[in-house]
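What follows is a set of notes on a single structure, which appears directly below.
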Amino acid sequence: MERLPPYPIQSVDNALRLLLIVHRDGVLRLSAAAEELHVAKSTAHRLLAMLCYRGFVAQDAERAYVPGAALAGSGGHVPISLTGVCRPYLERLSEEVQETVHLVTLHGAEIRFADSVEGQQLLRVGSRIGVVLPAVHTSGGRVLLAELPRADLERLFPQYPPESDEMLKLLRTLSTTRRRRYGTNFEETEAGVTAIGVAVRDADGRAVAAVTVSAPTIRYRRGQIVNVLPAVQTATDAIRRDLIGQR
């Protein structure tokens, strides 16, 4: 074990200890964090809030803390430059399909919009940068949830008992998404908006994010949004080649 530095910074050490616990156990509750560090819950909450802000942890449906985007993927992390790598491809895809394109990442049972490129048509979906939505209702969220084993899904959605109709319905939806290799959303998060999403995979083939196209339903009825699928798949394939090249 390394020797303690001559001038230790307690707050930094506490934050790193919490990261180690989340990485080891996969889940951490506020009360357990406070007990582990021998600090007040308010102090533990402030530390975890900063880790959430930087994407190292996220909160699941039960408000417990789970690994965030910065701890997911190959080797325990998402490439720091993921947004920068994806941006040119998002711009190119938006120009090609003439619709708004997003990059989303999974944080527990929710997805966060990391980047957006708005389409140029007068009637269009706006930017969603920074917006957080339930993953189960979004095209990109479904693609990313479909990568998880059932045990993880049961942990993320404790409101659905293991053999309940709700859990079985979720599993069927994710099974279909996994088989198709894309997710869809027909006005489930916003009236009048339809979306399709495809996973962004790292050099090891792990899904670290998703690229989605959102469009007014008036232009893409239920069976028509798949018309943009080839373009989205081309973009995600190009992103993966870029990530492999950086590795």
Side-chain angles (χ1 to χ4, degrees), residues 26-27 55 58-62 66-74 76-79 82 86 90 93 101-115 128 131-189 193-214 220 222-223 225-226 228-237 239-240 243:
V27 64
Q59 287 185 286
D60 63 16
E62 289 287 289
V66 296
L71 290 182
S74 176
H77 68 281
V78 171
L82 180 62
C86 293
L90 301 183
L93 177 60
V101 175
H102 310 285
L103 177 70
V104 303
T105 54
L106 185 65
H107 298 261
E110 299 173 322
I111 57 105
R112 179 176 292 120
F113 288 76
D115 202 0
R128 296 289 189 268
V131 171
V132 175
L133 292 174
V136 291
H137 299 311
T138 66
S139 60
R142 286 171 175 164
V143 165
L144 297 174
L145 289 175
E147 298 283 314
L148 302 179
R150 177 165 178 167
D152 287 354
L153 294 172
E154 291 178 356
R155 175 176 58 78
L156 288 176
F157 300 99
Q159 69 272 35
Y160 300 159
E163 299 303 325
S164 66
D165 290 342
E166 293 86 353
M167 175 57 73
L168 295 178
K169 180 181 178 181
L170 173 61
L171 293 174
R172 286 195 298 270
T173 297
L174 298 182
S175 177
T176 299
T177 300
R178 188 162 51 249
R179 185 179 69 253
R180 291 176 173 174
R181 301 179 68 84
Y182 68 86
T184 54
N185 165 15
F186 301 106
E187 300 189 324
E188 294 178 64
T189 55
V193 175
T194 294
I196 190 168
V198 176
V200 172
R201 299 185 181 277
D202 65 10
D204 295 317
R206 299 177 182 177
V208 294
V211 170
T212 70
V213 173
S214 300
Y220 289 96
R222 180 174 289 269
I225 190 65
V226 293
V228 304
L229 180 60
V232 183
Q233 291 173 326
T234 297
T236 55
D237 288 344
I239 291 170
R240 187 183 182 201
L243 292 175

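Worth saying up front: this structure is predicted, and the values here are computed from it rather than measured. As a basis for the values below, the full set of heavy atoms in this structure was taken, side chains included, without hydrogen atoms, waters or symmetry mates.
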Backbone N/O of Pro230 and side chain of Thr234: donor-acceptor pair under 3.5 Å: yes
Verdict with reasoning, Thr138 to Thr212, per side-chain contact (heavy atoms from CB on, under 4.5 Å): CA-CA 9 Å; Thr138 66; Thr212 70; over 6 Å; no
Test applied, side chain to side chain contact (heavy atoms under 4.5 Å, CB included); reference residue, Leu145; option that passes from Leu106, Thr173, Thr177: Leu106
Listed once per pair and sorted, the salt bridge (Lys or Arg N to Asp or Glu O under 4.0 Å) pairs that draw on residues 157-177, sequence neighbours left out: Arg150-Glu163
Arg128 side chain to His102 side chain, donor-acceptor N/O pair below 3.5 angstrom: no
pair Asn185-Thr194: side-chain heavy atoms closer than 4.5 Å: no
Side-chain touch Val213/Tyr220, heavy atoms, less than 4.5 angstrom: no
Pair Tyr182-Val232, side-chain contact (heavy atoms from CB on, under 4.5 Å): steps then yes or no: CA-CA 10 Å; Tyr182 68 86; Val232 183; over 6 Å; no
Worked verdict on Phe157 versus Val136 for side-chain contact (heavy atoms from CB on, under 4.5 Å): CA-CA 10 Å; Phe157 300 99; Val136 291; 3.3 Å; yes
CA sep, side-chain torsions, deciding dist, call: Leu90, Val211, side-chain contact (heavy atoms from CB on, under 4.5 Å): CA-CA 8 Å; Leu90 301 183; Val211 170; 3.9 Å; yes
Euclidean distance, Arg180 CZ relative to Leu229 CG, rounded to 0.5 Å: 10.5 Å
Backbone N/O of Asp202 and side chain of Arg240: donor-acceptor pair under 3.5 Å: yes
Distance in Å, Glu154 CD paired with Leu148 CG, rounded so as to fall on 0.5 Å steps: 12.0 Å
Residues that Glu188 engages under side chain to side chain donor-acceptor pair (under 3.5 Å), provided they are two or more places apart: Arg142
